[in-house]
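Beneath this line is the structure, given in C-alpha coordinates, with notes to follow.
One-based numbering, in listed order, for ligands and for the atoms of each.
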Amino acid sequence: MGQLHQIKGSVRSVFKVRTMKILCLLGLVSAVLASPVSQRFDGEKVFRLKPTTDQAVWFVKGLASTIKVDLWRPDSIDQVVVNSDVDFCVGAQDVQKTQDLLEMSGLEYEVLIEDLQTMIEQQIDNKERSVTSHSYVKYNDMETINAWIARTVARHSNLLSHSEIGTSYEGRPIYVIKIGKKTGQSKPAIFMDCGIHAREWISPAFCQWFVKEAVSTYGSDPIITNLLDTMDFFVVPVINVDGYSFTWSTNRMWRKTRSKIRGSKCRGVDPNRNWDAGWCTIGASSNPCSETYCGPRVESEKEVQAVANFIRHHKGSIKAYLTMHSYSQMCLFPYSYTYDLVPNHAELNNLAKGAIRSLASLYGTQYTYGPGATTIYPAAGGSDDWAYDQGIKYSFTFELRDTGRYGFLLPESQIKPTCEETMLAIKYVADYVVNNLY
Ligand code: 0X9
Ligand code: ZN
Ligand code: ZN
(Lines give C-alpha, C1' and ligand atoms only; values in the text may rest on other atoms or scores of the structure.)
(Ligands and ions follow the chains in the order given, each with its own letter.)
Protein backbone atom coordinates (compact mmCIF):
# COMPACT_ATOMS: atom_id res chain seq x y z
CA MET A 1 0.00 0.00 0.00
CA GLY A 2 3.05 2.19 0.45
CA GLN A 3 2.77 4.00 -2.84
CA LEU A 4 -0.85 4.92 -2.33
CA HIS A 5 -0.40 6.44 1.11
CA GLN A 6 2.59 8.46 0.00
CA ILE A 7 0.71 9.96 -2.92
CA LYS A 8 -2.26 10.81 -0.72
CA GLY A 9 0.05 12.35 1.86
CA SER A 10 1.81 14.64 -0.57
CA VAL A 11 -1.42 15.86 -2.19
CA ARG A 12 -2.70 16.79 1.24
CA SER A 13 0.39 18.75 2.23
CA VAL A 14 0.51 20.68 -1.04
CA PHE A 15 -3.07 21.76 -0.38
CA LYS A 16 -2.22 22.86 3.16
CA VAL A 17 0.83 24.81 2.07
CA ARG A 18 -1.22 26.78 -0.46
CA THR A 19 -3.80 27.82 2.06
CA MET A 20 -1.45 28.89 4.79
CA LYS A 21 0.30 32.13 5.50
CA ILE A 22 4.07 32.47 5.26
CA LEU A 23 4.69 32.08 8.99
CA CYS A 24 2.66 28.93 9.22
CA LEU A 25 4.41 27.70 6.13
CA LEU A 26 7.81 28.09 7.75
CA GLY A 27 6.55 26.35 10.87
CA LEU A 28 5.12 23.51 8.83
CA VAL A 29 8.29 23.07 6.82
CA SER A 30 10.48 22.88 9.90
CA ALA A 31 8.08 20.47 11.61
CA VAL A 32 8.18 18.23 8.56
CA LEU A 33 11.97 18.39 8.45
CA ALA A 34 12.24 17.55 12.15
CA SER A 35 9.98 14.52 12.01
CA PRO A 36 8.88 13.02 8.72
CA VAL A 37 5.17 12.25 8.65
CA SER A 38 4.75 8.58 9.37
CA GLN A 39 2.83 6.54 6.93
CA ARG A 40 -0.36 5.27 8.51
CA PHE A 41 -2.06 1.94 7.91
CA ASP A 42 -5.50 2.60 9.39
CA GLY A 43 -8.03 -0.05 8.50
CA GLU A 44 -5.55 -2.12 6.47
CA LYS A 45 -6.01 -5.84 6.95
CA VAL A 46 -3.59 -8.72 6.54
CA PHE A 47 -5.11 -11.84 4.96
CA ARG A 48 -3.82 -15.37 4.58
CA LEU A 49 -4.86 -17.68 1.76
CA LYS A 50 -3.80 -21.19 1.01
CA PRO A 51 -4.49 -21.91 -2.65
CA THR A 52 -4.82 -25.68 -2.94
CA THR A 53 -5.49 -25.90 -6.68
CA ASP A 54 -4.18 -24.30 -9.87
CA GLN A 55 -7.49 -22.43 -10.20
CA ALA A 56 -7.01 -21.02 -6.72
CA VAL A 57 -3.51 -19.85 -7.66
CA TRP A 58 -5.02 -18.13 -10.70
CA PHE A 59 -7.61 -16.54 -8.47
CA VAL A 60 -4.94 -15.13 -6.15
CA LYS A 61 -3.01 -13.72 -9.10
CA GLY A 62 -6.21 -12.21 -10.48
CA LEU A 63 -6.96 -10.64 -7.12
CA ALA A 64 -3.50 -9.13 -7.00
CA SER A 65 -4.02 -7.56 -10.40
CA THR A 66 -7.41 -6.00 -9.56
CA ILE A 67 -6.60 -4.80 -6.06
CA LYS A 68 -3.39 -3.27 -4.78
CA VAL A 69 -2.12 -5.88 -2.38
CA ASP A 70 1.12 -5.70 -0.39
CA LEU A 71 2.52 -9.20 -0.40
CA TRP A 72 4.14 -10.15 2.89
CA ARG A 73 4.88 -13.71 1.98
CA PRO A 74 5.97 -14.75 -0.56
CA ASP A 75 7.39 -11.42 -1.57
CA SER A 76 6.41 -11.48 -5.22
CA ILE A 77 3.29 -12.69 -6.98
CA ASP A 78 5.05 -15.10 -9.34
CA GLN A 79 6.23 -17.01 -6.27
CA VAL A 80 2.65 -17.96 -5.39
CA VAL A 81 2.28 -21.71 -5.87
CA VAL A 82 -0.19 -24.45 -4.98
CA ASN A 83 -0.38 -25.27 -1.25
CA SER A 84 1.78 -22.41 -0.04
CA ASP A 85 0.51 -19.75 2.35
CA VAL A 86 0.00 -16.33 0.84
CA ASP A 87 -0.02 -13.46 3.35
CA PHE A 88 -0.93 -10.03 2.06
CA CYS A 89 -2.09 -6.65 3.23
CA VAL A 90 -4.94 -4.70 1.67
CA GLY A 91 -5.69 -0.99 2.03
CA ALA A 92 -8.81 0.10 3.95
CA GLN A 93 -10.59 1.15 0.76
CA ASP A 94 -10.21 -2.36 -0.72
CA VAL A 95 -10.96 -4.47 2.34
CA GLN A 96 -14.67 -4.94 1.63
CA LYS A 97 -14.09 -5.74 -2.04
CA THR A 98 -11.38 -8.25 -1.13
CA GLN A 99 -13.63 -9.94 1.39
CA ASP A 100 -16.49 -10.11 -1.12
CA LEU A 101 -14.25 -11.63 -3.78
CA LEU A 102 -12.87 -14.14 -1.30
CA GLU A 103 -16.35 -15.16 -0.16
CA MET A 104 -17.48 -15.56 -3.78
CA SER A 105 -14.47 -17.68 -4.64
CA GLY A 106 -15.19 -20.08 -1.81
CA LEU A 107 -11.47 -20.09 -0.98
CA GLU A 108 -10.55 -20.54 2.65
CA TYR A 109 -8.91 -17.54 4.15
CA GLU A 110 -7.96 -16.09 7.49
CA VAL A 111 -7.65 -12.53 8.66
CA LEU A 112 -4.21 -12.44 10.31
CA ILE A 113 -4.30 -8.79 11.33
CA GLU A 114 -7.58 -6.89 11.71
CA ASP A 115 -6.05 -3.43 11.70
CA LEU A 116 -2.43 -2.93 10.77
CA GLN A 117 -2.14 0.54 12.30
CA THR A 118 -3.39 -0.70 15.68
CA MET A 119 -0.96 -3.61 15.51
CA ILE A 120 1.98 -1.32 14.69
CA GLU A 121 1.10 0.93 17.62
CA GLN A 122 0.83 -2.03 19.95
CA GLN A 123 4.12 -3.52 18.91
CA ILE A 124 6.36 -1.02 20.58
CA ASP A 125 5.57 0.44 23.94
CA ASN A 126 6.63 4.05 23.61
CA LYS A 127 5.75 4.98 27.17
CA GLU A 128 8.62 3.05 28.70
CA ARG A 129 11.11 4.00 26.06
CA SER A 130 14.11 6.12 26.92
CA VAL A 131 16.05 7.85 24.20
CA THR A 132 19.52 7.06 25.37
CA SER A 133 19.63 3.48 26.48
CA HIS A 134 19.25 0.30 24.50
CA SER A 135 17.45 -2.79 25.64
CA TYR A 136 17.90 -6.39 24.58
CA VAL A 137 14.20 -7.06 25.04
CA LYS A 138 12.98 -4.11 23.00
CA TYR A 139 13.47 -3.04 19.41
CA ASN A 140 16.12 -0.35 19.13
CA ASP A 141 16.29 2.35 16.49
CA MET A 142 19.42 3.02 14.38
CA GLU A 143 20.89 5.70 16.66
CA THR A 144 20.37 3.51 19.70
CA ILE A 145 22.02 0.53 18.00
CA ASN A 146 25.00 2.66 16.96
CA ALA A 147 25.39 4.03 20.49
CA TRP A 148 25.11 0.47 21.78
CA ILE A 149 27.88 -0.68 19.42
CA ALA A 150 30.29 2.02 20.63
CA ARG A 151 29.53 1.49 24.29
CA THR A 152 29.56 -2.31 24.25
CA VAL A 153 32.81 -2.49 22.33
CA ALA A 154 34.44 -0.01 24.74
CA ARG A 155 33.22 -1.96 27.74
CA HIS A 156 34.48 -5.35 26.49
CA SER A 157 37.62 -4.39 24.68
CA ASN A 158 39.25 -7.71 25.63
CA LEU A 159 36.88 -9.57 23.29
CA LEU A 160 35.37 -6.92 21.02
CA SER A 161 36.45 -4.42 18.42
CA HIS A 162 34.53 -2.70 15.66
CA SER A 163 35.11 -0.98 12.37
CA GLU A 164 33.15 0.81 9.68
CA ILE A 165 32.94 -1.32 6.53
CA GLY A 166 31.32 1.36 4.41
CA THR A 167 28.52 3.86 4.26
CA SER A 168 24.99 3.63 2.93
CA TYR A 169 23.33 5.49 0.08
CA GLU A 170 22.19 8.18 2.54
CA GLY A 171 25.61 8.29 4.20
CA ARG A 172 25.04 6.27 7.35
CA PRO A 173 27.94 4.16 8.64
CA ILE A 174 27.73 0.35 8.44
CA TYR A 175 29.59 -1.34 11.29
CA VAL A 176 31.03 -4.77 11.84
CA ILE A 177 31.79 -6.04 15.33
CA LYS A 178 34.60 -8.54 15.71
CA ILE A 179 34.21 -10.95 18.61
CA GLY A 180 37.01 -13.23 19.75
CA LYS A 181 39.89 -13.74 22.13
CA LYS A 182 42.76 -11.62 20.88
CA THR A 183 45.58 -14.02 20.15
CA GLY A 184 47.76 -11.88 17.94
CA GLN A 185 47.33 -14.42 15.16
CA SER A 186 44.79 -14.55 12.38
CA LYS A 187 41.99 -16.95 13.21
CA PRO A 188 39.29 -18.66 11.18
CA ALA A 189 36.02 -16.74 11.35
CA ILE A 190 32.25 -16.92 11.10
CA PHE A 191 30.44 -14.01 9.49
CA MET A 192 26.90 -13.13 10.52
CA ASP A 193 24.71 -10.27 9.33
CA CYS A 194 21.33 -8.91 10.35
CA GLY A 195 18.94 -6.35 8.98
CA ILE A 196 19.27 -6.89 5.23
CA HIS A 197 15.52 -6.35 5.01
CA ALA A 198 14.44 -3.22 6.84
CA ARG A 199 11.12 -4.31 8.34
CA GLU A 200 12.40 -7.61 9.77
CA TRP A 201 13.11 -6.04 13.16
CA ILE A 202 13.73 -9.26 15.05
CA SER A 203 16.89 -9.71 12.99
CA PRO A 204 18.98 -6.76 14.33
CA ALA A 205 17.59 -7.57 17.77
CA PHE A 206 19.11 -11.03 17.41
CA CYS A 207 22.54 -9.71 16.39
CA GLN A 208 22.58 -7.54 19.51
CA TRP A 209 21.52 -10.48 21.63
CA PHE A 210 24.21 -12.65 20.10
CA VAL A 211 27.00 -10.18 20.93
CA LYS A 212 25.73 -9.81 24.51
CA GLU A 213 25.48 -13.59 24.99
CA ALA A 214 28.90 -14.28 23.52
CA VAL A 215 30.57 -11.72 25.74
CA SER A 216 28.68 -12.61 28.91
CA THR A 217 29.07 -16.39 28.64
CA TYR A 218 32.72 -16.42 27.58
CA GLY A 219 34.59 -18.25 30.31
CA SER A 220 31.51 -20.07 31.65
CA ASP A 221 29.90 -21.67 28.58
CA PRO A 222 32.37 -24.24 27.20
CA ILE A 223 31.10 -24.01 23.59
CA ILE A 224 31.27 -20.21 23.46
CA THR A 225 34.64 -20.21 25.21
CA ASN A 226 36.10 -22.68 22.75
CA LEU A 227 34.59 -20.76 19.82
CA LEU A 228 35.99 -17.40 20.88
CA ASP A 229 39.38 -18.91 21.72
CA THR A 230 39.81 -20.54 18.32
CA MET A 231 37.72 -18.38 16.03
CA ASP A 232 36.43 -14.86 15.50
CA PHE A 233 32.88 -13.80 14.76
CA PHE A 234 32.21 -10.87 12.48
CA VAL A 235 28.75 -9.47 13.20
CA VAL A 236 27.05 -6.74 11.17
CA PRO A 237 24.03 -5.74 13.30
CA VAL A 238 22.30 -3.81 10.50
CA ILE A 239 23.29 -3.91 6.82
CA ASN A 240 20.38 -1.93 5.39
CA VAL A 241 20.84 1.06 7.70
CA ASP A 242 18.82 3.50 5.54
CA GLY A 243 15.90 1.14 5.18
CA TYR A 244 15.95 0.33 8.89
CA SER A 245 15.92 4.03 9.80
CA PHE A 246 13.07 4.54 7.36
CA THR A 247 10.97 1.85 9.08
CA TRP A 248 11.30 3.85 12.30
CA SER A 249 10.70 7.30 10.83
CA THR A 250 8.26 6.85 8.02
CA ASN A 251 7.11 3.45 6.85
CA ARG A 252 7.19 0.45 9.20
CA MET A 253 6.65 -1.91 6.26
CA TRP A 254 9.65 -0.86 4.15
CA ARG A 255 11.84 -3.74 2.92
CA LYS A 256 14.40 -2.41 0.42
CA THR A 257 17.27 0.07 0.47
CA ARG A 258 16.48 3.77 -0.08
CA SER A 259 18.49 4.50 -3.22
CA LYS A 260 16.98 6.61 -5.98
CA ILE A 261 16.47 4.80 -9.26
CA ARG A 262 17.17 6.71 -12.45
CA GLY A 263 13.98 7.09 -14.47
CA SER A 264 11.64 5.78 -11.79
CA LYS A 265 9.48 7.38 -9.13
CA CYS A 266 10.02 4.31 -6.96
CA ARG A 267 12.94 3.99 -4.58
CA GLY A 268 15.02 1.15 -3.28
CA VAL A 269 16.56 -2.14 -4.34
CA ASP A 270 15.96 -5.46 -2.63
CA PRO A 271 19.39 -5.97 -1.01
CA ASN A 272 18.84 -9.73 -1.08
CA ARG A 273 18.45 -9.75 -4.87
CA ASN A 274 21.48 -7.58 -5.62
CA TRP A 275 24.35 -10.08 -5.17
CA ASP A 276 26.28 -11.70 -7.95
CA ALA A 277 24.56 -15.10 -7.79
CA GLY A 278 22.44 -15.79 -10.87
CA TRP A 279 21.55 -12.11 -10.57
CA CYS A 280 18.00 -11.25 -11.62
CA THR A 281 17.39 -14.54 -13.43
CA ILE A 282 14.60 -15.91 -11.22
CA GLY A 283 12.39 -14.80 -8.33
CA ALA A 284 13.50 -11.20 -8.72
CA SER A 285 12.11 -8.27 -10.64
CA SER A 286 13.65 -5.71 -12.95
CA ASN A 287 10.84 -3.29 -12.11
CA PRO A 288 12.08 -0.62 -9.65
CA CYS A 289 8.64 -0.47 -8.05
CA SER A 290 8.75 -4.15 -7.09
CA GLU A 291 9.61 -5.26 -3.56
CA THR A 292 12.06 -7.71 -5.13
CA TYR A 293 13.75 -5.28 -7.52
CA CYS A 294 17.22 -6.67 -8.27
CA GLY A 295 18.71 -3.23 -8.95
CA PRO A 296 20.19 -1.67 -12.10
CA ARG A 297 23.27 -3.93 -11.89
CA VAL A 298 25.01 -6.44 -9.64
CA GLU A 299 26.14 -4.81 -6.36
CA SER A 300 24.55 -1.51 -7.31
CA GLU A 301 23.78 -0.95 -3.65
CA LYS A 302 26.52 0.54 -1.49
CA GLU A 303 25.36 -1.55 1.46
CA VAL A 304 25.74 -4.79 -0.53
CA GLN A 305 29.11 -3.63 -1.87
CA ALA A 306 30.35 -2.88 1.64
CA VAL A 307 29.58 -6.37 2.90
CA ALA A 308 30.71 -8.11 -0.29
CA ASN A 309 34.04 -6.25 -0.18
CA PHE A 310 34.52 -7.13 3.47
CA ILE A 311 33.87 -10.82 2.80
CA ARG A 312 36.09 -10.86 -0.30
CA HIS A 313 38.83 -9.26 1.74
CA HIS A 314 38.56 -11.90 4.50
CA LYS A 315 37.80 -14.76 2.14
CA GLY A 316 40.53 -17.07 3.33
CA SER A 317 39.45 -16.90 6.94
CA ILE A 318 35.63 -16.86 6.75
CA LYS A 319 34.41 -20.45 7.13
CA ALA A 320 30.70 -19.85 7.59
CA TYR A 321 28.19 -17.23 6.47
CA LEU A 322 24.98 -16.70 8.44
CA THR A 323 22.27 -14.20 7.54
CA MET A 324 19.25 -13.46 9.68
CA HIS A 325 15.79 -12.66 8.30
CA SER A 326 12.18 -13.07 9.33
CA TYR A 327 9.51 -14.45 9.18
CA SER A 328 8.66 -18.14 8.43
CA GLN A 329 10.77 -20.20 10.89
CA MET A 330 13.13 -21.77 8.38
CA CYS A 331 16.75 -22.73 8.11
CA LEU A 332 17.75 -22.39 4.46
CA PHE A 333 20.93 -23.17 2.59
CA PRO A 334 22.04 -22.85 -1.07
CA TYR A 335 20.92 -22.79 -3.68
CA SER A 336 18.03 -20.46 -4.26
CA TYR A 337 19.01 -19.31 -7.75
CA THR A 338 18.88 -22.84 -9.12
CA TYR A 339 17.30 -26.17 -8.20
CA ASP A 340 20.74 -27.80 -8.41
CA LEU A 341 21.93 -29.28 -5.14
CA VAL A 342 25.24 -28.07 -3.75
CA PRO A 343 28.16 -30.54 -3.54
CA ASN A 344 27.92 -30.78 0.26
CA HIS A 345 24.12 -30.91 0.28
CA ALA A 346 23.95 -33.90 2.62
CA GLU A 347 26.26 -32.22 5.11
CA LEU A 348 24.31 -28.93 5.07
CA ASN A 349 21.04 -30.80 5.34
CA ASN A 350 22.24 -32.66 8.44
CA LEU A 351 23.63 -29.51 9.93
CA ALA A 352 20.35 -27.65 9.39
CA LYS A 353 18.42 -30.57 10.86
CA GLY A 354 20.61 -30.54 13.97
CA ALA A 355 20.35 -26.77 14.29
CA ILE A 356 16.56 -26.70 14.20
CA ARG A 357 16.35 -29.68 16.58
CA SER A 358 18.49 -27.77 19.04
CA LEU A 359 16.39 -24.63 18.53
CA ALA A 360 13.16 -26.55 19.17
CA SER A 361 14.52 -28.09 22.39
CA LEU A 362 13.91 -24.86 24.32
CA TYR A 363 10.30 -23.87 23.58
CA GLY A 364 9.23 -26.39 20.94
CA THR A 365 9.35 -23.84 18.10
CA GLN A 366 9.10 -25.75 14.82
CA TYR A 367 11.32 -24.85 11.89
CA THR A 368 11.50 -26.30 8.41
CA TYR A 369 14.79 -26.58 6.56
CA GLY A 370 16.32 -27.31 3.17
CA PRO A 371 17.70 -25.64 0.05
CA GLY A 372 16.14 -22.21 -0.52
CA ALA A 373 14.77 -22.93 -4.00
CA THR A 374 12.53 -25.77 -2.86
CA THR A 375 11.97 -24.82 0.79
CA ILE A 376 10.91 -21.19 0.43
CA TYR A 377 11.03 -20.21 -3.26
CA PRO A 378 13.55 -19.84 -6.08
CA ALA A 379 15.09 -16.36 -5.86
CA ALA A 380 18.39 -15.26 -7.37
CA GLY A 381 20.85 -12.63 -6.20
CA GLY A 382 20.83 -13.61 -2.52
CA SER A 383 23.75 -13.21 -0.14
CA ASP A 384 23.76 -16.86 0.99
CA ASP A 385 24.22 -18.21 -2.55
CA TRP A 386 26.88 -15.60 -3.28
CA ALA A 387 28.83 -16.42 -0.12
CA TYR A 388 28.62 -20.12 -0.94
CA ASP A 389 29.97 -19.56 -4.45
CA GLN A 390 32.82 -17.55 -2.92
CA GLY A 391 33.92 -20.84 -1.35
CA ILE A 392 32.24 -20.46 2.05
CA LYS A 393 30.74 -23.92 2.24
CA TYR A 394 28.66 -23.39 5.39
CA SER A 395 26.12 -20.79 4.33
CA PHE A 396 22.70 -20.39 5.95
CA THR A 397 19.74 -18.04 5.88
CA PHE A 398 17.61 -18.12 9.03
CA GLU A 399 14.03 -16.96 8.86
CA LEU A 400 13.15 -16.30 12.48
CA ARG A 401 9.72 -16.20 14.20
CA ASP A 402 6.89 -16.29 13.63
CA THR A 403 4.86 -18.13 10.98
CA GLY A 404 2.51 -15.22 10.34
CA ARG A 405 0.44 -14.50 13.43
CA TYR A 406 2.32 -11.22 13.78
CA GLY A 407 4.74 -11.54 10.85
CA PHE A 408 7.07 -8.54 10.74
CA LEU A 409 5.27 -7.07 13.76
CA LEU A 410 6.56 -9.69 16.19
CA PRO A 411 5.77 -8.31 19.67
CA GLU A 412 8.62 -7.26 21.91
CA SER A 413 7.57 -9.92 24.42
CA GLN A 414 8.85 -12.51 21.90
CA ILE A 415 12.32 -11.02 21.46
CA LYS A 416 13.79 -12.87 24.43
CA PRO A 417 12.44 -16.36 23.67
CA THR A 418 13.19 -15.95 19.96
CA CYS A 419 16.78 -14.91 20.63
CA GLU A 420 17.34 -17.61 23.23
CA GLU A 421 16.20 -20.40 20.93
CA THR A 422 18.02 -18.96 17.90
CA MET A 423 21.18 -18.78 19.97
CA LEU A 424 21.03 -22.58 20.31
CA ALA A 425 20.81 -23.03 16.55
CA ILE A 426 23.71 -20.66 15.88
CA LYS A 427 25.83 -22.32 18.56
CA TYR A 428 25.07 -25.70 17.02
CA VAL A 429 26.23 -24.58 13.59
CA ALA A 430 29.27 -22.72 14.92
CA ASP A 431 30.33 -25.68 17.05
CA TYR A 432 30.15 -27.91 13.98
CA VAL A 433 32.20 -25.44 11.95
CA VAL A 434 34.91 -25.08 14.59
CA ASN A 435 35.23 -28.86 14.68
CA ASN A 436 35.30 -29.19 10.90
CA LEU A 437 37.64 -26.41 9.86
CA TYR A 438 38.78 -26.47 6.25
O1 0X9 B 1 13.37 -13.60 -0.07
C2 0X9 B 1 14.32 -13.44 0.68
O3 0X9 B 1 15.24 -12.67 0.46
C4 0X9 B 1 14.38 -14.23 2.00
N5 0X9 B 1 13.07 -14.26 2.60
S6 0X9 B 1 12.43 -12.88 3.22
O7 0X9 B 1 11.04 -13.15 3.57
N8 0X9 B 1 13.18 -12.53 4.57
O9 0X9 B 1 12.59 -11.82 2.29
C10 0X9 B 1 14.84 -15.64 1.72
C11 0X9 B 1 16.23 -15.71 1.17
C12 0X9 B 1 16.64 -17.10 0.77
N13 0X9 B 1 17.87 -17.09 0.02
C14 0X9 B 1 17.94 -16.65 -1.27
N15 0X9 B 1 16.88 -16.35 -1.96
N16 0X9 B 1 19.13 -16.59 -1.81
ZN1 ZN C 1 -0.32 -1.73 2.86
ZN1 ZN D 1 14.35 -10.92 4.70
Contact between W275 and ligand 1, counting heavy atoms under 4.0 Å?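 Heavy atoms of W275 never come under 4.0 Å of ligand 1.
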Heavy-atom contact check, 4.0 Å cutoff: does R255 meet ligand 1?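 R255: in contact with ligand 1 (<4.0 Å).
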Of H197, H325, E399, which has the heavy atom at the shortest distance from atom 7 (O) of ligand 1?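 Residue with the shortest heavy-atom distance to the ligand atom: E399.
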Is the closest side-chain heavy-atom distance between [X] and [Y] below 4.5 Å?
X    : Y    : answer
F246 : N251 : yes
F398 : M330 : no
Y293 : P296 : yes
D385 : Q390 : no

Side-chain H-bond candidate by donor/acceptor type, Y169 with N240, under 3.5 Å: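 Note: Y169 and N240 side chains miss the donor-acceptor criterion.
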Check: D193/T323 side-chain N/O donor and acceptor closer than 3.5 Å: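 Side-chain D/A pair, D193 to T323: present.
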Close aromatic pair by centroid cut-off 6.0 Å: [X] and [Y]:
X    : Y    : value
F191 : Y394 : no
F333 : H345 : yes
W254 : W248 : no

Shell of protein N/O/S atoms around the Zn ion (ligand 3), taken as anything under 2.8 Å: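 Protein N/O/S atoms under 2.8 Å of the Zn ion (ligand 3): H197 ND1, E200 OE1, E200 OE2, H325 ND1.
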Please work out whether any backbone atom (N, CA, C, O) or any side-chain heavy atom from C-beta onward of Y337 is under 4.0 Å from ligand 1, and answer side chain, backbone, both or neither.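 Neither part.
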Closest protein heavy atom (residue, atom, distance) for [atom]:
atom                    : result
atom 16 (N) of ligand 1 : D384 OD1, 2.7 Å
atom 14 (C) of ligand 1 : S336 OG, 3.2 Å
atom 8 (N) of ligand 1  : E200 OE2, 2.9 Å

May I ask you to list the atoms of ligand 1 that are less than 4.0 angstrom from any heavy atom of [X]?
X    : result
R273 : 1 (O), 2 (C), 3 (O)
A379 : 14 (C), 15 (N), 16 (N)
N272 : 2 (C), 3 (O), 11 (C)
D75  : 1 (O), 9 (O)
S326 : 7 (O), 8 (N)

Before accepting this row, confirm whether a basic side-chain N of the pair D85/R73 lies closer than 4.0 Å to the acidic partner's carboxylate O.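 A salt bridge links D85 with R73.
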If we ignore hydrogens and angles and just use 3.5 Å, is the side chain of T152 paired with the main-chain N or O of I149 as donor and acceptor?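 Looks like no, no N/O pair under 3.5 Å.
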Count the heavy atoms belonging to other residues, nucleotides or ligands that lie under 6.0 Å from CD of E170, then report whether that count exceeds 12.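 Atom CD in E170 is crowded, with more than 12 foreign heavy atoms closer than 6.0 Å.
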